[in-house]
Asker: 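Submitted below is the structure of interest, expressed as structure tokens.
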Number of protein chains: 2
Amino acid sequence: MASTKASTIYDVAKVAGVSHQTVSRLLRGYAGIREETRARVLDAIKQLDYHPNITARNLRNGSTGMIALAIPDLRQPYFAELAQSVISAARDAGLTVFVETTDGNPERELAVLGGTQSQLVDGVLYIPKSIDADILTAQNIEFPIVLLGDRILDSQFDHVTLPNLEGARAAVQHLISLGRTQVAFIGAEPDTDFGAAALRLRGYRNALESAGIAYRHDLVIFDSEWERHSGASSMRALLDSGVPFDAVFCCNDALAIGALRTLLSAGLKVPGDVAIAGFDDTEDARFSFPSLTSVAPGRDELARAAVGLLQRRIEEGGARGAREEIVSGYSLAIRESTVGAA
Amino acid sequence: MASTKASTIYDVAKVAGVSHQTVSRLLRGYAGIREETRARVLDAIKQLDYHPNITARNLRNGSTGMIALAIPDLRQPYFAELAQSVISAARDAGLTVFVETTDGNPERELAVLGGTQSQLVDGVLYIPKSIDADILTAQNIEFPIVLLGDRILDSQFDHVTLPNLEGARAAVQHLISLGRTQVAFIGAEPDTDFGAAALRLRGYRNALESAGIAYRHDLVIFDSEWERHSGASSMRALLDSGVPFDAVFCCNDALAIGALRTLLSAGLKVPGDVAIAGFDDTEDARFSFPSLTSVAPGRDELARAAVGLLQRRIEEGGARGAREEIVSGYSLAIRESTVGAA
DNA sequence: CTGAAAGCGCTTACAG
DNA sequence: CTGAAAGCGCTTACAG
């Protein structure tokens, strides 16, 4: 902080009666310093309450020990929890993070890549939302970047993602195992073959196929917002369509929470009339009533992997190895919304 | 970023055929530069894709344009939403923020104040949880700091806080206006006369008094965690106590969501048997079923005020004026948990 | 084992 | 209106 005139390496050196480089060496952990000298310097440091000026060190070293986390919106529990995991993982790795919210706005998502903060940072952990791989590729990014999250398209970048297909399939298989045969799907996206929505839809279809249940378009609801309010409307639309269904898989918990609210508002019983499952295992899934069955994608593991990969890329400097793709494990948290209260 | 050799002000100067200071001046927005020179420099900047090195600028200027936000835990919606508001407000103010999560852990809360990142930052927005004013005062903090949030104790620091008493009173008055006479209170804290819990409890008592209802200890549940899981247990405890009640005010929405779940699990009707209100107006309050009546404390206003105050302190440099206290406005969002479905 | 020198990229008085 | 100089606080070869 600039408020009070902080003491420098020179002040310490003067007090200790050594040159400033000796102080620097001690700070950097060099072995070869005479015990008696070391003690004098440490004394001076304590006496002056000296703290190294990180900015100066950064300027010299060309690195800052900081990474940026570009994330759409902390108001959404999934992102908030993911951010928390990233921040913890980064701290454990000796990095500090710098949260940039983009609102999933394409311009802001792009701005992060060129913004003034990208100067300050050794690398970027990037959770894209509305931007796609082509645009990203066209950016010709010249610093370490790792893509993170569920919306990762097939891309030439390092990325860490979820078992989208497998998780969705497991959830839908669970619904089917309960004897449900008319399973709706909320959260499909038009016009994409990649990305979380497409993969989860494929998982859904896989599960139906293995059970010998025909896929039906009228049970698939498009919703690319994946938020609580849109989940509520999507469920409203499904109910209004008059198509009968006895279960629903939602692409994330936010959708499921919204859909659940609409179902209960409409006087339906969950899971009696309709069983419902989500994806993400956010904390609100555990405290809704009924509590929500959800695919738990191992958020901490994901965050740690992403931070670790980014750190590796930073250390490698310019020399990029082959791009890497990491997929986390998952489990299915089975709760009241599919199996009822205990 | 350090990955590729970035061009400097000198490179630009050489290409443009001027001295590097001229480039610097143009960058800093000085008026006195000949039109023709300016064009040449801008050309060179574009041609070289020059971006100023923020670290160097910071070293020179002694400030970084960054602030730290020390916050307990993004997994809790209240904090996540507050963080989002702070980040937005900071961006509007030209500052970037740096999120430090403390887990409400006293050591980590203290560490933020001395940590290496406090070097990097022009000031700190501090959301304390377990730390109290005495400890903070003892720290002899020598940089701009603004306390933010609901747990602010009476202190010698600048702080921005919520209308704790008034908000709680309004919520309880609302419950009473519905004809409820046995209003429970969840979230009291033992041994404090200050802080959000004490103030909200006072608001509760005020509302009872104005209505001529006697205050009863057996309707007040202690809970200093203020999380969903603790709200669930607290409500469990209240039910088990056998004390009859027809309404409950919870100190925050997390408690209320947990309590609501317990009520519904127990087969009680909300608001038929028990009306329930919370505080914070987090987004999950709007999507529970029934949706939750809650005190809305004007989060954006709060965040903007806090960022503004901090920025002012930073600009004032060392010269601290009188400490300032800002209290946000509030409104009461009335929803199904007190008045039933529409 | 420790000192003298140069430089990271920028900005700010000082001249002209 | 634009250039030469010094310095922000640190680290890294280079000598000795």
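Values in this document were obtained by computation on a predicted structure and should not be read as measured data. The analysis underlying the following values was restricted to heavy atoms, covering all of them including side chains, and did not include hydrogens, waters or symmetry mates.
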Asker: Is the closest basic N to carboxylate O distance between B:K129 and B:E109 below 4.0 Å?
Answerer: no
Asker: Could you tell me whether the phosphate oxygens of D:dG3, OP1 or OP2, come under 4.0 Å of any side-chain nitrogen or oxygen in B:T22?
Answerer: yes
Asker: Going by the rule side-chain hydrogen bond (donor to acceptor under 3.5 Å, both in side chains), which residues pair with B:R60 if we only count those two or more places apart in sequence or in a different chain?
Answerer: none
Asker: Between side-chain atoms of residues 9-16 of chain A and protein atoms elsewhere (two or more places apart, or another chain), which donor-acceptor pairs fall under 3.5 Å?
Answerer:
| unit_1 | atom_1 | unit_2 | atom_2 | d |
| --- | --- | --- | --- | --- |
| A:D11 | OD2 | A:T8 | N | 2.7 |

Asker: Hey, does B:D73 have a side-chain heavy atom less than 4.5 Å from the side chain of A:Q84?
Answerer: yes
Asker: Once you round it to whole Å, what is the distance between C1' of D:dC10 and CG of A:L59?
Answerer: 8 Å
Asker: With sequence neighbours excluded, tell me which residues meet side-chain hydrogen bond (donor to acceptor under 3.5 Å, both in side chains) with B:S85.
Answerer: B:D300
Asker: Is it true that A:R313 and A:E316 make a salt bridge, defined as a side-chain N closer than 4.0 Å to a carboxylate O?
Answerer: yes
Asker: Using a cut-off of strictly less than 4.0 Å, decide whether A:T55 has a side-chain nitrogen or oxygen near OP1 or OP2 of D:dC8.
Answerer: no
Asker: Between C1' on D:dC10 and CG on A:L26, what's the gap in Å once rounded to a whole number?
Answerer: 15 Å
Asker: When every nucleotide of nucleotides 11-16 of chain D is labelled 5' to 3' by its protein contacts under 4.0 Å (heavy atoms), B for base, S for sugar-phosphate only, - for none, what sequence of letters results?
Answerer: BBB---
Asker: Are A:D158 and A:I145 close enough, and set up right, to give a side chain to side chain contact (heavy atoms under 4.5 Å, CB included), and what steps lead you there?
Answerer: CA-CA 7 Å; A:D158 290 310; A:I145 184 168; over 6 Å; no
Asker: Any side-chain N or O of A:T8 under 4.0 Å from OP1/OP2 of D:dG9?
Answerer: no
Asker: Starting at the 5' end of DNA chain D, what dot-bracket string do you get if Watson-Crick and G-U pairs under 3.5 Å are bracketed, crossing pairs use [ ], other-strand pairs use | and unpaired bases use dots?
Answerer: |||.||||||||.|||
Asker: With sequence neighbours excluded, tell me which residues meet side-chain hydrogen bond (donor to acceptor under 3.5 Å, both in side chains) with A:D103.
Answerer: A:R108
